[in-house]
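Starting from 1, each residue takes its place in the sequence as its number.
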Amino acid sequence: MAGMGTIINVAAVLIGATAGILLKGGLPRRFQDILYSSIGLCTLFIGISGAMAGMLEITEGTLGTRDTMLMIGSLVLGAVTGELLDIEKRLESMGEWCKARFTRGGSGADNSFVEGFVTSSLVFCVGAMAIVGSLEDGLNHDYSILFAKSIMDGVLSVVFAASLGIGVYFSALSLAVYQGSITLLAGIVRPFLSDQVIGKMSFVGSILIFALGLNLIFDRKLKIGNMLPAIFMPLLLQFVL
């Protein structure tokens, strides 16, 4: 059944977020703060490892770099496109809508609702496993990649929800729309996504994950949502070049 991988992934996030919310209720504030910092560090190093894997290469025993111009071009073009579309604002508006519909907006416990929604949505959707897994699900009804991703996302959602609250629960909606769309369109987009292009998209996505980690640790406000189109720029640049 096409889409089963995304269904499992969404269920894992919902279960993990529920566990995290229950855990959050019994955690003192200082434990919530240290969990938040831990999430930032994990996100930072997940991004670093992916970026280094995509950027570094060993040629004749010498360590070098590759795809530097691709990285610059993708991030610049993607950031401009995202800023024009104002994706970050749209994500926040969606989070605010969910908060208004399903929580008491004035409650202090809901102050981090939008942050939890946006942050967890980006972490769960950015990365090669979401793209490749959804393609395999749609084309071959093979959801093994998304099953592995579900386990990781489920664990992350426990920690996210324990520190950021119920907003993480609603990130399952973003995940369902994103991966579900790729699965449904798999037959159309797969011919254009070679392993090399997917690897480059993963490389750029890892840089965005790294930037997200910076936001979490240093309380910065890099507009990661507006940089999301950068992930798809290697595909666009393939056509242009």
Requested in this report: Please step through side-chain contact (heavy atoms from CB on, under 4.5 Å) for the pair L75 and L208, ending with a clear verdict.
Outcome: CA-CA 9 Å; L75 288 173; L208 298 189; 3.9 Å; yes
Query raised in the report: With no hydrogens and no angle check, is any side-chain donor or acceptor of S49 less than 3.5 Å from a backbone partner on F45?
Result: yes
Requested in this report: Using side-chain contact (heavy atoms from CB on, under 4.5 Å) as the criterion, list what pairs up with F210, not counting sequence neighbours.
Outcome: L44, I48, L214
**Report entry** Pairing residues for T119 by the side-chain contact (heavy atoms from CB on, under 4.5 Å) criterion, not counting sequence neighbours
**Finding:** E115, F160, L164, L212, L216
Query raised in the report: Looking only at atom types and distance, does a side-chain atom of R90 sit under 3.5 Å from a main-chain N or O of G225, one as donor and one as acceptor?
Result: no
Query raised in the report: Do L41 and V123 belong together in a cluster built from hydrophobic side chains that touch within less than 4.5 Å?
Result: yes
Query - I131/Y178 under side-chain contact (heavy atoms from CB on, under 4.5 Å): CA gap, chis, key distance, verdict - result: CA-CA 9 Å; I131 297 173; Y178 181 74; 3.8 Å; yes
Report task. Only counting residues at least two apart or in another chain, list the ones meeting salt bridge (Lys or Arg N to Asp or Glu O under 4.0 Å) with R66. Result -> E57
Query raised in the report: Should L222 and L91 be regarded as members of a common hydrophobic cluster, given that ILVMFWY residues are connected when their side-chain heavy atoms come within less than 4.5 Å of each other, either directly or indirectly?
Result: yes
Side-chain donor-acceptor pairs of residues 7-21 under 3.5 Å, sequence neighbours excluded:
from: N9; atom 1: OD1; to: K149; atom 2: NZ; distance (Å): 3.0
from: N9; atom 1: OD1; to: Q179; atom 2: NE2; distance (Å): 3.3
from: N9; atom 1: ND2; to: D153; atom 2: OD2; distance (Å): 3.1
from: T18; atom 1: OG1; to: L14; atom 2: O; distance (Å): 2.7

Query raised in the report: If every non-hydrogen atom of M201 is compared with every non-hydrogen atom of I231, which pair is closest and at what distance?
Result: CG-O, 3.1 Å
Report summary line: Paired with F170, the ring pair (Phe, Tyr, Trp, His ring centres under 6.0 Å) test is passed by just one of W97, F117, F113, namely F113
Query raised in the report: With sequence neighbours left out, what residues match D142 under side chain to side chain donor-acceptor pair (under 3.5 Å)?
Result: S144
Requested in this report: Only counting residues at least two apart or in another chain, list the ones meeting salt bridge (Lys or Arg N to Asp or Glu O under 4.0 Å) with E136.
Outcome: none
Requested in this report: Begin with the C-alpha distance, continue with both residues' side-chain angles, and end with the deciding distance and a verdict on side-chain contact (heavy atoms from CB on, under 4.5 Å) for L122 and L228.
Outcome: CA-CA 9 Å; L122 292 173; L228 280 177; 3.7 Å; yes
Report summary line: Taken to the nearest 0.5 Å, the spacing of I207 CD1 from M227 CE works out to 10.5 Å
Query - Over all atoms of both residues, closest heavy-atom pair of L23 and A162 - result: CD2-CB, 4.1 Å
Requested in this report: Using the test side chain to side chain donor-acceptor pair (under 3.5 Å), find all partners of S134 that sit at least two apart in sequence or belong to another chain.
Outcome: none
Report summary line: Those residues at least two apart in sequence (or on a different chain) that pass salt bridge (Lys or Arg N to Asp or Glu O under 4.0 Å) with E83 are K223
Query raised in the report: When rounded to the nearest 0.5 angstrom, what distance separates OG1 in T183 from CG in L139?
Result: 9.0 Å
**Report entry** Contact summary for I224 and A211, nearest pair of heavy atoms
**Finding:** CD1-CB, 3.4 Å
Report task. Give a yes or no on whether V204 and I87 share a hydrophobic cluster (residues Ile, Leu, Val, Met, Phe, Trp, Tyr; joining criterion: side-chain heavy atoms under 4.5 Å apart). Result -> yes
Query - CA sep, side-chain torsions, deciding dist, call: N226, D86, side-chain contact (heavy atoms from CB on, under 4.5 Å) - result: CA-CA 6 Å; N226 285 357; D86 206 359; 3.7 Å; yes
Query raised in the report: Do V155 and L22 sit in the same hydrophobic cluster, where Ile, Leu, Val, Met, Phe, Trp and Tyr count as joined when their side-chain heavy atoms come under 4.5 Å apart?
Result: no
**Report entry** salt bridge (Lys or Arg N to Asp or Glu O under 4.0 Å) contacts in which one or both residues fall within residues 172-181, not counting sequence neighbours
**Finding:** none
Requested in this report: Any chance you could measure M69, atom CE, to I72, atom CD1, to the nearest 0.5 Å?
Outcome: 5.0 Å
Query raised in the report: Should V159 and Y169 be regarded as members of a common hydrophobic cluster, given that ILVMFWY residues are connected when their side-chain heavy atoms come within less than 4.5 Å of each other, either directly or indirectly?
Result: yes
Report task. Work out which heavy atom in C125 is nearest to a heavy atom in A130; give both atom names and the distance. Result -> O-CB, 3.7 Å
Query raised in the report: About how many Å separate CE of M94 and OG of S121, when rounded to the nearest 0.5 Å?
Result: 7.0 Å
**Report entry** Partner set under side chain to side chain donor-acceptor pair (under 3.5 Å) for S74, not counting sequence neighbours
**Finding:** none
Report summary line: CD1 (I46) and OG (S206) are apart, to the nearest 0.5 Å, by 9.5 Å
**Report entry** Residues that D67 engages under side-chain contact (heavy atoms from CB on, under 4.5 Å), provided they are two or more places apart
**Finding:** L70, K200, F203
**Report entry** side-chain contact (heavy atoms from CB on, under 4.5 Å) against I188, all qualifying residues, sequence neighbours excluded
**Finding:** L185
Query raised in the report: If you count the non-hydrogen atoms of other residues, nucleotides and ligands that lie under 6.0 Å from CZ in F232, is the total more than 12?
Result: yes
